[in-house]
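Below: the structure, in structure tokens.
Counting from 1, the numbers follow the sequence of the chain as shown. All values derive from a computational prediction rather than experimental measurement.
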Amino acid sequence: MNWNWWLMQFLYALPDALPWIFGGLAGVGMVSFGPIGRAFVRRLKRGDVEAELLPAVLEELTLVRGELGEVLERLDYAERLVSRGHNAEVGPVLPVSLDVEERVQTPT
């Protein structure tokens, strides 16, 4: 095996590869010391703390699913009412007319 040939090939390709190597190292350093890297380190340090939050999150998710089911039922009911069309029996809701004595005067 000719080690001189391999060394010469490496030295010939090194100047072309140096910008890529420095750019890659700079990118890894920016990600490592940036917000993503700090979040990753924080996640590694306190992985057990978030495991305690899991039951609370699941309970909250169950409540939200129940409320969403109720909203969907109400939406279905409203869609059925709207799809029936206008009934002659059902009219617009009008305000109740009060006598002048029963009305509450607003301050001016």
Side-chain angles (χ1 to χ4, degrees):
M1 190 173 241
N2 189 356
W3 290 104
N4 280 340
W5 183 83
W6 285 103
L7 181 63
M8 293 306 288
Q9 292 295 318
F10 175 75
L11 291 176
Y12 179 73
L14 187 61
D16 292 336
L18 280 177
W20 290 99
I21 292 170
F22 287 136
L25 289 175
V28 168
M30 286 182 358
V31 170
S32 297
F33 295 111
I36 296 174
R38 283 182 276 164
F40 184 69
V41 169
R42 202 174 327 125
R43 170 79 171 135
L44 289 176
K45 284 183 180 177
R46 42 177 209 152
D48 297 336
V49 174
E50 292 180 4
E52 295 173 2
L53 295 176
L54 188 62
V57 170
L58 289 177
E59 182 180 341
E60 184 72 22
L61 181 61
T62 305
L63 292 173
V64 169
R65 283 183 179 169
E67 291 175 2
L68 180 62
E70 291 176 10
V71 168
L72 289 175
E73 287 177 11
R74 291 180 183 184
L75 178 65
D76 289 339
Y77 178 73
E79 286 176 346
R80 283 194 302 269
L81 285 179
V82 169
S83 67
R84 282 192 210 165
H86 295 289
N87 276 344
E89 301 170 1
V90 178
V93 177
L94 300 175
V96 177
S97 63
L98 298 174
D99 292 334
V100 177
E101 295 83 26
E102 295 177 8
R103 292 185 185 172
V104 176
Q105 297 295 325
T106 56
T108 55

So, using side-chain contact (heavy atoms from CB on, under 4.5 Å) as the criterion, who are the partners of [X] when residues are at least two apart?
{"X": "Glu70", "answer": "none"}
{"X": "Trp3", "answer": "Met1"}
{"X": "Asn2", "answer": "Asn4, Trp5"}
{"X": "Asp16", "answer": "none"}

| task | Check which hydrophobic residues are tied to Tyr12 through side-chain heavy-atom contacts below 4.5 Å, counting indirect links as well, and list them. | result | none

| Hydrophobic cluster (4.5 angstrom, side-chain heavy atoms) - remaining members for Leu18 |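 Leu7, Phe10, Leu11, Leu14, Phe22, all in the cluster of Leu18.
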
| task | Calculate, to the nearest 0.5 Å, the distance between atoms CD and CG belonging to Glu73 and Leu68 respectively. | result |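 Glu73 CD to Leu68 CG: 10.5 Å, rounded to 0.5 Å.
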
| field | Derivation and outcome, side-chain contact (heavy atoms from CB on, under 4.5 Å), residues Asp76 and Glu79 | value | CA-CA 5 Å; Asp76 289 339; Glu79 286 176 346; 3.8 Å; yes

Residues 24-38, side-chain donor-acceptor partners within the protein, below 3.5 Å, at least two apart:
from: Ser32; atom 1: OG; to: Val28; atom 2: O; distance (Å): 2.7
from: Arg38; atom 1: NE; to: Gly34; atom 2: O; distance (Å): 3.2

